[in-house]
Structures are given as C-alpha cells and as structure tokens.
Number of protein chains: 2
Amino acid sequence: MTSMSSAPTPRQASRRPTMRDVARLAGVGIKTVSRVVNGEPDVAPETAERVRKAAAELQYEPNMHAGNLRRGDGRTHTIGLLVSSVANPFAAQVHRAIERVATERGYAVFATSLEDDPAAERRAIAALARRRVDGYVVTPVRDDQSYLQVHLDRGTPMVCIDREPSGIDVDTVVTANHDSAREAVRHLIAQGHRRIAFLGDLERIQTARLRRDGYLAELADQGTPADPALTVLDLHDDTSATAITRRLLTLPDPPTAIFSSQNLVTVGAIRALQQLGAEHDVALVAFDDVESGDLVSPRVTVIAQDPDRIGRLAAERLFARLDGDVGPPRQLVVPTRLVVRGSGEIPGPGRAAAAASP
Amino acid sequence: MTSMSSAPTPRQASRRPTMRDVARLAGVGIKTVSRVVNGEPDVAPETAERVRKAAAELQYEPNMHAGNLRRGDGRTHTIGLLVSSVANPFAAQVHRAIERVATERGYAVFATSLEDDPAAERRAIAALARRRVDGYVVTPVRDDQSYLQVHLDRGTPMVCIDREPSGIDVDTVVTANHDSAREAVRHLIAQGHRRIAFLGDLERIQTARLRRDGYLAELADQGTPADPALTVLDLHDDTSATAITRRLLTLPDPPTAIFSSQNLVTVGAIRALQQLGAEHDVALVAFDDVESGDLVSPRVTVIAQDPDRIGRLAAERLFARLDGDVGPPRQLVVPTRLVVRGSGEIPGPGRAAAAASP
DNA sequence: GGGGCGCTTGACATCGATGTCACGTGGTGG
DNA sequence: CCACCACGTGACATCGATGTCAAGCGCCCC
C-alpha cells in the first residue's frame, strides 16, 4: 500500500511487528494496544483510533500463541480431528461439517489421517497434545483407547465418531450400523429374496462386524437360515470383492441378492455383476452411498450414511463440553436413509411364494 | 498406569505438568529438563534417565507454543492449506498428499474450505497468520492476491495450486488445463467428430477459461469452426448441466460429441444422455475423473488429473522454501492422463469422411 | 476546597519454554 | 601445585502477549 512495498527490489524478511512496535508508533503503552486489539472497553475513542491506524500501517497481526500462553484458560482455539484419511469421501464430508461449526466459533481444525494404523493414532494424539488443541474428534483405530484418559483428566474433551472407543467413556456419534443392516436385509427379503449374500470389510473393523451382525440378526428374525458360504468378511478393496462376488455367483446354489457393506466392496461387486451380465437379475443393496451410484444401470439402491450430520453433532458435542457441559457422556446414533434406486428392487424367487403362502 | 488414575471418582481437571514440575520431581534445574526433552548433548546419562522417568510419570508433553515463542526462528511447524472445500474429492486428495509430506517433517496442516468465496480467502489467511503458520498452500479465489505480498516479505513462503495467482510472484503447481483440453478435443476429432460441444464451469474460474480456450484453440488448429451455440460456460452443478445438455442434444443440428470440463457437469451430462437414450450415440470425454466412472455404461473416457502429484509437488516446493531456497519462483505444470474407457471412442460422422478424404 | 469516584492509562509480573552465560568439579599438563 | 579445560548444570533474561494493580486526571458533591 505505501512507499516501497511495491518496488521490485530483492525483498528481505522484515521482522514481524509486535504489540510493542504498534505501541511505539501510536505513542501509547503496550497494554493499551492490547485493549484496542481485543476490543476491551474503557479506551478513549481517539486513542483507539490512533492505535488502529498504527496497527494497520504496520500490518500488525496478533500472535495468538503468545496470547494463549498468558491467558488464564490457555485455550488455543484449535481442535484435532483423527480420521482414516482426509481423502476418504466419507471422512472428508465429516471433516467439512466439523470445520463449519468450528469456523463459526473461531476455531481451526487440524486433521490427521491414520490409515487404520494404531501406531499412527498414538503419534497423532501426541503431536496434537504438544500443540495443545482444546479438544479431539477421534475415529478410534486401536483396540484400546484407555491411554487417552489422561487427556480427559486434564480437561481436554473428546468425541469419538464412526466407531465406539473402548477403555474410555466419552461422547460418541455413530451410524446406526446394526439396525441399518437389518433394514437392508429386510428390504431384500420383502422383494422375495431368501439367499442373500453379505460382503463385508475387514472383520477387525467394528462397523464391519456390526453390519454383519445386523444382517445375521435380521435373517434369524425372519426365519431365513444364514448360509455361512454367503457371509464373506475381510474384503477391503474392489478387486478382492470382484473376485469373491464372481465366485459366489457361480456357486451351484448362488445368492439372488447381495448386501454389500462398504464402498469399495460395492464397486467390486457391481463390476462382477456387470462382467457376468447379472446386474439386472441379482439384487443389490449397498451400505454407504456410491458416488454417482445413480448413473449406473441399474441404479444402485443404497443405505446412505449422513456424514454431514455426524460431523455436525460431533462438533456440537465437543463445543458443548468446551462450554462447560459436565453431564454424562452421550451416545448419539445417526440414522441412515434407504435410497431406493432400482438395484435393490429386483424381485427374488420368493416373491411369488411370499404372496401365495400367507 | 499408576495409583489412582483408574479410580472411578469424579475426575477433576488436573493441572497440566510443565517443565518446572518435571524438574522438581527429578531434582534438577528446568534447563536440564529442556536439554533432555530436546535431546541436546552434554547431559550425564543417569541425570537424563532420572528426567525421563519423571517426565513419563507425570505424562509430561512439552508445550510447543511456548517453545516456538522463545526459539530464535519462531517456527510453529504448521502450514496452512486453503482449498475450495475439504469435502471436494480433488482437494481432499491434494490435502492427503500434502499431509503425507508434512507429517514426515513433523509438520501439522490446517486445512480451510473457501467455497469459492473471496472474502473467505482473506479471513482464512488472517486466521492462519495469527496462528503463525510457517507457510501457505493456496488455491486462489480472489482476482488479486497482491495483499499477500506482506506475508511473503515477512518470510512466510506460499505455493499456489490449481489456479495461477495474480499480483504476486510465487511458486505454482497447476494442471495442464489448456493442453489437456486440446488433447480431449483432438481425441474426439480423431474419432471423426466435428460438432463437439463444450460444457464449462463458471467463466470467472480461471481453469474453466483455460479449458475452454484449449478447446477453442484445438478446434481452430484443426480447421473445425467452433459453433458458439455449442460452447457453454457458467455451469456449476449437475442439474443445470443436465438441462443444458438436453437442450443441446435436441437442437436441429446437435453435437455428436461432448467435452465436459468439470466433475459435476459431467454427472449432469451423463444423466441427460441417459434420459435421451443417447449415451451410446454421442461421444463424451470428461475432464477430471468421475468416481466409479468405470461402472457407467458406456464407461466414461476421462482426462484424469493427478491431485496426488499436485499436492506432493506443492508441499515439496513449500518445504524447499522453508529450507532456504531463494531461487526464482517456479511454475510447475502437472500433466494429465487420457483414460480411454469407451464413451470417448464412440465414432462420429466424420469417421468415414476422414477416411475418404486424404 | 477537599475527598472521592470513574474513566484512562501504563508499569510490571507472568504464561512455559529456550538461549546465554557463568559456575562448580574433576582431570590434565606444565 | 596451580592454571586451564571440558563437561554438566542451573540462574536468569527473554519471546509476545494479557492480568493485576496503582496512578493520573477531571469532575461532582458535600
């Protein structure tokens, strides 16, 4: 704006101005600058104006860290978010929702990708603790989160999302995995299916187990015996899912419907169905929305999660704690939405039988 | 681990231990604790051991902010990332790549979503400046980034990604928008198409203009006059793209191929093609990979960007600057990859003509 | 006219760490 | 036997801000 700042000379790092510099320029004490910058009352209007002008001229930006250090509460106005990967679409949407709430309150968010590595979880927490974040939103990876108790004891709140933690008692926000899996199966049974395959993620992942259990529970409730051969776990990418799906569909007594319980697995299953030309004969319901899953033919019926709501609720819980809420930890369950698009409504052989029997 | 830490009593916030506490417990001076914690030499082994034990017992975590404040360089080991939205798949992958490089060097990343709001860009930069980030990776939104010069002058480096900044001269890492658009058009022309429609994002977005210009340049080079009626800009979501595409395809002299230059626009175009049952007759090449775009029928031929490489290069450039590189700013252009999947290889009417005429 | 009040203001200690420097100790060499 | 050095160690100032507190000043009221 002024004098030489636009000259093409080799610029050398100018020292960053501090409150002292502003105070000197404005001819006031440093504390008065502090008052003006923080909008405290009891500063004469013309003094405030002089200070503001000096601050603007020097392009002064307060150093939050210095302030946080001195200030009583020591808040850094920063929270930490631990997710599987910031590149994962589900996690990214959760992240965005949390960021929205945080920004509104002047908070910044550190996001860290764990890639399902238990060691990374510990490292990430330690790194954030050294940065004195005011709170954590964590997707638990390790089997045991009890090592986090010390942070809670020191007054740093924590909210777990997506998976239940173990060893600590904190607010959690999770998807209704079990019930939603039941709903998916119920939907397929209603279309007349009896032989329904389950394609699941790694068994060590809690949500994968919950979805499988929901699947088994609904089958049991409906008096439809589960065939162990059709219950597959430990799939984690699309190629293995494609291979397994092809194998299942070429069994002597193949499934007439598939409940695929994870994103990439769904992609693999669809590809297998397409390869075998069976996509219009075998029903499919997928857990987790598939990006542009409504461009595929047939369009994919899904159990859509609500990452936006999960993120928002988690952030709201965290800030409630930061605002002093000391009530007992809450377990929030976020419902899913069954999005009927076609693939899940392909009728099964039981359709006629179901109509005939009662 | 020890004594009462597992008792179910109502825990009250225990004060966070400082170096002084560790020093007292270990019976040494605070400076010695500092030495041990930072691995400085010249500490007697048994003293170091005593300090480490005390630190572990108190679960001491150093306060990085206090250290940064005192330390000469004042580095916070934190960088800021400004993107359209952390939930945008492209930005999320860039973010992940940057995070990978940053984590390796003990850096944490603040990511901020701008949602293409110029005011948000300024706000975000200011918020990060107050937190004294060591560097910025920015997706420019405003028309003019010259207001950022002061940060550069103060020794905070910056790398711009995805779009070229204006008003400042910094390292940039961008996709080869112009050339890739030409390649897409060339590909369609090679299939015999002459009437090729262009579907673009908001004209005020630089990459949208570059892609359109590439499209026009290639048409001109190939002696194929561009029809203004087929050059559409200012699309930003799938519904408007669907509407426009339907309109174009029902023109008296409709295009035989479409080059859609943004993600959501592509989704809209595909939907329109499917609604009109034209997806196997009208060729389509899309800029930017469509998630599971290989499940659609026909599978979508795309110009795939390389967000991972963009993020990695941007981070490497930023850290090179932080390591003292004072060379002139570099403009890195990241190539795209034409992924042939089917939709772009639907032959056009010129195919025969092209073969007939020499 | 003086005590007291309210509004402004700045000196100073402090937050938790690190840089500087000086001190104590034991060994080495002249 | 003493000067000197290297090593280990801690006292103290300091980074950039804010909380505390007291002082200066004008004004009101008795």
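We name chains A, B, ... by the order of the sequence lines, and we start the count at 1 in each one. Quantities reported herein were computed from a predicted structural model and do not represent experimental measurements.
The backbone N or O of R330(B) lies less than 3.5 Å from a partner atom in the side chain of D171(B), making a donor-acceptor pair. With H65(B) contributing its side chain and R131(A) its backbone, the two residues share a donor-acceptor pair below 3.5 Å.
Salt-bridge formation is detected for the pair R317(B)/D325(B): a Lys NZ or Arg NE/NH1/NH2 atom is positioned less than 4.0 Å from an Asp or Glu carboxylate oxygen. Residues D323(A) and R105(A) are paired through a salt bridge, judged by an N-O separation under 4.0 Å between the basic side chain and the carboxylate. Salt-bridge formation is detected for the pair E316(B)/R312(B): a Lys NZ or Arg NE/NH1/NH2 atom is positioned less than 4.0 Å from an Asp or Glu carboxylate oxygen. Using a 4.0 Å cut-off between charged nitrogen and carboxylate oxygen, D42(A) and K31(A) do not count as a salt-bridge pair.
On the nucleic acid side, DNA chain C has its first and last nucleotide under 4.0 Å of a heavy atom of chain A at dT8(C) to dG16(C), going 5' to 3'.
The residue N38(A) sits close only to the backbone: its heavy atoms come under 4.0 Å of sugar-phosphate atoms, none of a base.
With contacts defined as side-chain heavy-atom distances shorter than 4.5 Å, the pair E99(A)/L81(A) does not qualify.
The phosphate of dT9(D) (OP1 or OP2) has a side-chain N or O of T47(B) nearer than 4.0 angstrom.
Using a 3.5 Å distance cut-off with no hydrogens or angles, the side chains of E121(A) and Y147(A) do pair a donor with an acceptor.
A straight line from CZ of R35(A) to P of dC21(D) spans 14 Å, rounded to a whole angstrom.
Along DNA chain D, the nucleotide nearest to G27(B) and the one nearest to Y60(A) differ in position, and the one closer to the 5' end is contacted by G27(B). Nearest-nucleotide mapping onto DNA chain C: of E40(B) and H65(B), the residue sitting toward the 5' end is H65(B).
Computed from C1' positions of five pairs at each end, the angle between the two local axes of the helix from dG1(C)-dC30(D) to dG30(C)-dC1(D) equals 60°, rounded to 10 degrees.
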